[in-house]
K.L.:
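Sharing a structure, written as structure tokens. Questions coming.
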Amino acid sequence: KLFNLLYKLAKYMPKSFKRFIFKPIINELGGKIECFISGGAPLEQSTAEFFDRIGIPIFQGYGLTETSPTISVNYYGNNKIGTVGKALPSVKVTLADDGELIIYGQNVMQGYWGKPELTAQVIDEAGCFHTGDIGEIDKEGYIKITGRIKNMIVLGGGKKIFPEEVEAVLEKSDMIKEVCVLPLKIKSGNKAGTEEVGAVIVPDDKIAKLDNVQQIIEEEVKKLASSNLAPYKIPTNIIIYNNELPKTATKKVKRGELTEWYENSFIKN
């Protein structure tokens with residue numbers, strides 16, 4: 001009870017006082033750590049809020065190898081949780097009509113070595129780099145990444161869904177260990193061959209071995225999604241995956257490999 005009270009009050013305290021109150025926790029992390037830098041993948045907002053409350057802010061940034069690499073970053077005095085910060089002074093960031101982040105500056109690469117056609121796909125005539133990321137820029141200049149164009153799911157009626165938004169909701173469940181939202185082909189019926197919103201889920205170890213794990217997960221997804229997402233964004237096909245999701249060296253889920261696994265396991269059989 002005392003911790004919960006102090007945790008709520010810490011929102012309005014200066015950093016030095018937070019660190020004094022939560023010194024036992026900070027000592028468990030070595031005692032001298034001042035901050036974290038986060039990049040490479042979305043940072044869960046609750047994680048950022050927790051560490052900020054105890055006096056160890058997490059500064060989330062954004063960039064790509066093609067942009068040398070930093071585009072924007074949060075820092076002391078300019079840290080808005082849920083964003084990747086403001087663009088560096090030498091970098092100009094704009095939004096295309098579809099929300100794609102467009103980068104211009106001397107940090108943008110000259111091109112992919114020996115691949116002029118591939119270069120032309122991402123760098124336009126003005127020298128601007130098209131990131132492939134969908135985002136928002138608020139009135140203060142803070143950038144928020146909302147999804148990847150190549151991951152976007154387009155339903156039959158034209159509605160667009162970014163998997164990252166759905167995943168962020170489902171990841172809050174203690175019953176779900178990992179989740180990847182994908183466009184999955186409908187196997188049979190009048191809509192056979194079209195796509196629906198699917199969720200490949202690795203259940204938590206506590207329920208993974210239960211006979212009714214499918215039912216438990218489906219009910220959990222419905223409960224979370226119905227109260228946090230628009231109806232058309234709710235996954236309609238829940239697939240239980242009994243291993244760790246396949247990932248790249250930087251721990252990003254291999255969506256293509258999961259889609260191939262689904263099609264081989266459920267479409268062809």
Side-chain angles (χ1 to χ4, degrees), residues 15 29-30 32-152 162-165 167-168 171 247-255:
K15 180 184 174 184
L29 297 171
K32 296 183 179 180
I33 189 166
E34 291 290 333
C35 65
F36 294 103
I37 304 295
S38 175
L43 174 65
E44 179 64 43
Q45 186 157 329
S46 60
T47 300
E49 289 174 349
F50 172 81
F51 282 100
D52 185 71
R53 291 283 183 92
I54 68 171
I56 310 176
I58 301 179
F59 299 127
Q60 189 173 191
Y62 167 65
L64 301 93
T65 302
E66 292 90 340
T67 58
S68 304
T70 309
I71 292 172
S72 64
V73 69
N74 283 290
Y75 54 92
Y76 285 113
N78 287 273
N79 186 28
K80 180 176 283 191
I81 293 175
T83 76
V84 293
K86 298 179 180 180
L88 299 182
S90 59
V91 180
K92 181 180 179 180
V93 180
T94 59
L95 294 176
D97 293 340
D98 60 358
E100 182 182 14
L101 290 164
I102 309 297
I103 312 301
Y104 181 79
Q106 293 185 353
N107 63 320
V108 173
M109 67 171 184
Q110 294 181 14
Y112 297 113
W113 179 257
K115 297 181 179 180
E117 293 182 359
L118 184 59
T119 299
Q121 292 177 18
V122 297
I123 299 180
D124 60 27
E125 294 179 355
C128 297
F129 178 75
H130 294 244
T131 64
D133 290 314
I134 299 294
E136 302 169 355
I137 305 175
D138 67 17
K139 294 180 180 179
E140 297 176 283
Y142 286 94
I143 301 168
K144 182 177 181 181
I145 309 298
T146 57
R148 288 284 293 170
I149 290 178
K150 68 178 183 180
N151 295 339
M152 185 170 62
F162 290 105
E164 295 87 351
E165 179 187 3
E167 290 166 356
E171 285 170 351
K247 301 181 183 70
T248 65
T250 55
K251 299 300 180 181
K252 294 179 181 178
V253 175
K254 295 181 178 179
R255 297 176 185 273

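No hydrogens, no waters, no symmetry mates; every other heavy atom, side chains included, goes into these values.
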K.L.:
Could you measure the distance from the CG atom of Leu43 to the CD1 atom of Ile81? Nearest 0.5 Å is fine.
P.N.:
8.5 Å
K.L.:
Could you tell me whether the side chain of Leu101 reaches within less than 4.5 Å of the side chain of Leu95, counting heavy atoms only?
P.N.:
yes
K.L.:
Tell me every residue that passes ring pair (Phe, Tyr, Trp, His ring centres under 6.0 Å) with Phe51, counting only those two or more places apart in sequence or in another chain.
P.N.:
Phe36
K.L.:
Is there a side-chain contact between Arg255 and Pro163, using heavy atoms and a 4.5 Å cut-off?
P.N.:
yes
K.L.:
Under the side-chain hydrogen bond (donor to acceptor under 3.5 Å, both in side chains) test, which residues partner Lys92, sequence neighbours left out?
P.N.:
none
K.L.:
Nearest 0.5 Å please: distance from the CD1 atom of Ile103 over to the OG1 atom of Thr67.
P.N.:
6.5 Å
K.L.:
Sequence neighbours left out, what passes ring pair (Phe, Tyr, Trp, His ring centres under 6.0 Å) with Phe59? Give chain and number order.
P.N.:
Tyr76
K.L.:
With sequence neighbours left out, what residues match Ala249 under side chain to side chain contact (heavy atoms under 4.5 Å, CB included)?
P.N.:
none
K.L.:
Kindly give the heavy-atom pair with the smallest separation between Val108 and Gly127, and that separation in Å.
P.N.:
CG1-O, 4.0 Å
K.L.:
So Lys254 and Thr248, do their side chains get closer than 4.5 Å, heavy atoms only?
P.N.:
yes
K.L.:
Roughly how far, to the nearest 0.5 Å, is CD1 of Ile102 from CG of Asp133?
P.N.:
10.0 Å
K.L.:
Could you check Ile134 against Ile149 for side chain to side chain contact (heavy atoms under 4.5 Å, CB included), going step by step and ending with a plain yes or no?
P.N.:
CA-CA 6 Å; Ile134 299 294; Ile149 290 178; 3.4 Å; yes
K.L.:
Just to verify, what does Ser72 make a side chain to side chain contact (heavy atoms under 4.5 Å, CB included) with, not counting sequence neighbours?
P.N.:
Tyr62, Val84, Ile143
K.L.:
If you look at every heavy atom in His130 and Asp124, which pair is closest and at what distance?
P.N.:
NE2-OD2, 3.0 Å
K.L.:
How long is the straight-line distance from CZ of Phe162 back to CE of Met152, given to the nearest 0.5 Å?
P.N.:
5.0 Å
K.L.:
Would a 4.5 Å heavy-atom cut-off, applied to side chains only, mark Glu49 and Asp52 as touching?
P.N.:
no
K.L.:
Who are the ring pair (Phe, Tyr, Trp, His ring centres under 6.0 Å) partners of Tyr75, not counting sequence neighbours?
P.N.:
none
K.L.:
Output the distance between atom CD (Glu66) and atom CD (Gln110), rounded to the nearest 0.5 Å.
P.N.:
13.5 Å
K.L.:
May I have the step-by-step check of side chain to side chain contact (heavy atoms under 4.5 Å, CB included) for Thr146 and Glu164, ending in yes or no?
P.N.:
CA-CA 7 Å; Thr146 57; Glu164 295 87 351; over 6 Å; no
K.L.:
Can you tell me how far the CD atom of Gln60 sits from the CD1 atom of Ile37, to the nearest 0.5 Å?
P.N.:
10.5 Å
K.L.:
Counting only heavy atoms not in Lys15, do more than 12 sit closer than 6.0 Å to its NZ atom?
P.N.:
yes
K.L.:
Kindly determine whether Thr70 and Asn107 satisfy side chain to side chain contact (heavy atoms under 4.5 Å, CB included), including the steps that lead there.
P.N.:
CA-CA 8 Å; Thr70 309; Asn107 63 320; over 6 Å; no
K.L.:
Taking the side chain as every heavy atom from C-beta outward, state whether Thr83 and Asn74 have any pair of such atoms under 4.5 Å apart.
P.N.:
yes
K.L.:
What pair of heavy atoms forms the shortest contact from Tyr104 to Cys128, and how long is it?
P.N.:
CD1-SG, 3.7 Å
K.L.:
In the structure I gave you, are the side-chain heavy atoms of Val122 and Met109 within less than 4.5 Å of one another anywhere?
P.N.:
yes
K.L.:
Between Asp138 and Lys80, is a side chain to side chain contact (heavy atoms under 4.5 Å, CB included) present by the stated rule, with each step listed?
P.N.:
CA-CA 11 Å; Asp138 67 17; Lys80 180 176 283 191; 2.9 Å; yes
